[in-house]
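Single-structure report; data block below.
Just so you know, these numbers come straight off a predicted model, no measurement behind them.
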Amino acid sequence: QVHLAESGGDSVQAGGSLRLSCVASGFSFNRRCMAWFRQAPGKEREGVARIYTAAGGGTFAADSVKGRFTISRDNAKNTISLQMNNLKPEDTAMYYCAAGGTYCASGPPRRADYDYWGQGVQVTVSS
């Protein structure tokens, strides 16, 4: 049974940092492109960052978070992480971990390319 479990969501002040983690089980984690998405109230779910299959492999970050957020993975622990620094109120959203296919499409992660999803964690940034 596929399972993605996020953790690390919290409420912080602007300028603060958080680290989200996602532990995966039930599928071949090290063969999957992995990504983080977020969804703010009233908005569509958007791709934040993605990482290729190999640990230390190529990554992508959306322009809105580039230079502030870093995605990483540990294939030995079936885990991906999202280090979020210099958080802004506009980063407030539910954050979701997602598992895609064996190929990471170029550009921002697209919701349709990801098969498995976690339940999400809330990140709230106050000004």
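Donor-acceptor pairing under 3.5 Å is recorded for the side chains of Asn75 and Arg73.
With rounding to the nearest 0.5 Å, the separation of CG in Asp74 from CZ in Phe29 is 8.0 Å. The distance from the CZ atom of Arg50 to the CG atom of Asp113 is 10.0 Å, given to the nearest 0.5 Å. In this structure, OG1 on Thr59 lies 14.5 Å from CE on Met34, to the nearest 0.5 angstrom. The line from SG of Cys33 to OH of Tyr52 is 7.5 Å long, rounded to the nearest 0.5 Å. A distance of 9.0 Å separates OG in Ser106 from CZ in Phe60, rounded to the nearest 0.5 Å.
At distances below 3.5 Å, at least one donor-acceptor pair connects side-chain atoms of Glu6 with backbone N or O atoms of Gly120. Listed for the Ser127 side chain is no donor-acceptor partner under 3.5 Å among the backbone atoms of Pro89. For the pair Thr92 (side chain) and Glu90 (backbone), a donor-acceptor distance under 3.5 Å is absent.
Aromatic pair Phe37/Tyr114: centroids less than 6.0 angstrom apart.
Partners of Glu46 under the salt bridge (charged side-chain N to carboxylate O under 4.0 Å, His left out) rule, at least two apart in sequence or in another chain, are Arg38.
Hydrophobic clustering (side-chain heavy atoms under 4.5 Å, transitive across Ile, Leu, Val, Met, Phe, Trp, Tyr) groups Trp117 together with Met94. At a threshold of 4.5 Å between side-chain heavy atoms, the hydrophobic network of Ile, Leu, Val, Met, Phe, Trp and Tyr places Tyr116 and Tyr103 in two separate groups.
Aromatic ring pairs are classed by plane angle as parallel below 30°, tilted from 30° to 60° and perpendicular above 60°; the pair Tyr95 and Phe69 is tilted.
Taking every heavy atom of both residues into account, Arg32 and Ser28 meet most closely at CG-O, 3.4 Å. Pairing each heavy atom of Ala35 with each of Pro109, the nearest pair is CB-CB, 4.1 Å.
By the 4.5 Å heavy-atom criterion applied to side chains, Ile80 and Cys97 are counted as neighbours. The shortest side-chain heavy-atom distance between Leu4 and Tyr96 does not fall under the 4.5 Å cut-off. When side chains are defined from C-beta on, Met84 does not count as touching Val65, because their heavy atoms never get closer than 4.5 Å.
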Less than 3.5 Å apart, which donor and acceptor atoms pair up between the side chains of residues 7-27 and the rest of the protein, not counting sequence neighbours?
unit_1, atom_1, unit_2, atom_2, d
Ser17, OG, Asn85, OD1, 3.0
Arg19, NH1, Gln83, OE1, 3.2

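By the neighbour-count criterion of 12 heavy atoms within 6.0 Å, atom NZ of Lys66 is densely surrounded, having more than that number from other residues, nucleotides or ligands. Enclosure of atom CD in Gln122 by more than 12 non-hydrogen atoms of other residues, nucleotides or ligands within 6.0 angstrom is indicated.
Residues Lys88 and Asp91 are not paired through a salt bridge, judged by the lack of any N-O separation under 4.0 Å between the basic side chain and the carboxylate.
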